[in-house]
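Okay, structure first, notes after.
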Amino acid sequence: DSGVTQTPKHLITATGQRVTLRCSPRSGDLSVYWYQQSLDQGLQFLIQYYNGEERAKGNILERFSAQQFPDLHSELNLSSLELGDSALYFCASSKQGIPVFGPGTRLTVL
Amino acid sequence: SQELEQSPQSLIVQEGKNLTINCTSSKTLYGLYWYKQKYGEGLIFLMMLQKGGEEKSHEKITAKLDEKKQQSSLHITASQPSHAGIYLCGADISAGGTSYGKLTFGQGTILTVHP
């Protein structure tokens, strides 16, 4: 157990829908990262928050958004879902620059 | 092409054999991270290397970062079935190493160890 929790573990939805993935970082970690892992693209960085503020952005689609709340948990919102959005979505948190990953949320878009 | 290239893409070895996985970057590596992943599960942090020439070991796994800081290798001695999984290298390749932990990952190496 890494100390990073993600819910839900699995999510099955239809194209065009919107979903929210939730992440709770390890106690004391101020940074939260979101990554997407798919067979064709591999593990790709989406976005990073530090103590509530956006710090870095990767190849995150405009249909995707994220935020980090005052209690440091984070949510990744995915809208207008497409078949190609099916992937494992990981959250990671860090205190001293070493990202520790959560178990992931497997999203299936039908 | 990938900014981080891992080789080989897959590896099948007999238990007890040694093996090496390589991670090559087209840019200077300011921090190189090795993770292990069981299929469909989260990544487990193994080691981080920052200085050219640095070498770290944990149990039977040794990782090195070459002097020019553009390649790292992960060596497993006397492999066991428990070593099986996907090994991923992740790196901070931003200019000056200012990515604040945002990592670029290689495609991964799938390791199978036959008992």
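Chain letters run A, B, ... following the sequence lines, proteins first, then strands; residues in each count from 1. Quantities reported herein were computed from a predicted structural model and do not represent experimental measurements.
Residue L103(B) forms a side chain to side chain contact (heavy atoms under 4.5 Å, CB included) with just one option from Y35(A), Y33(A), F45(A), and that option is Y35(A).
Using a 4.5 Å cut-off between heavy atoms, L88(A) touches chain B through its side chain atoms alone. For Q41(A), the part sitting under 4.5 Å from any heavy atom of chain B is the backbone (N, CA, C, O) and nothing else. Proximity to chain B (any heavy atom under 4.5 Å) is restricted, for K57(A), to the backbone atoms N, CA, C and O. Only the backbone of D40(A) comes within contact range of chain B, with at least one heavy atom under 4.5 Å from a heavy atom of that chain.
Distance check: M47(B) CE to I98(A) CD1 gives 11.5 Å after rounding to the nearest 0.5 Å.
Neither V100(A) nor Y50(A) shares a network with the other; the hydrophobic side chains, linked directly or stepwise wherever heavy atoms of I, L, V, M, F, W or Y lie under 4.5 Å apart, form separate groups for each. Residues W34(A) and F101(A) are members of separate hydrophobic clusters, defined by side-chain heavy-atom contacts under 4.5 angstrom among Ile, Leu, Val, Met, Phe, Trp and Tyr. Placement of L46(A) and L4(B) in two distinct hydrophobic clusters is found when ILVMFWY residues are connected by side-chain heavy-atom separations under 4.5 Å, directly or transitively. The hydrophobic clustering, which links ILVMFWY residues whose side-chain heavy atoms are closer than 4.5 Å, places L65(B) and Y87(B) together. With hydrophobic clusters built from ILVMFWY side chains whose heavy atoms lie under 4.5 angstrom apart, L76(A) does not share a cluster with I12(A).
No more than 12 heavy atoms of other residues, nucleotides or ligands lie within 6.0 Å of CG in L39(A), so this atom counts as exposed by the packing criterion. At most 12 heavy atoms of other shown residues, nucleotides or ligands fall within 6.0 angstrom of atom CD in Q9(B).
Of residues 13-24 of chain B, not one residue has a non-hydrogen atom less than 4.5 Å from any non-hydrogen atom of chain A. Residue-level contacts of residues 35-44 of chain B with chain A, in order of numbering, are Y35(B), Q37(B), G40(B), E41(B), G42(B), L43(B); threshold 4.5 Å between heavy atoms.
Smallest separation of non-hydrogen atoms from K102(B) and A56(A): CD-CB, 4.4 Å.
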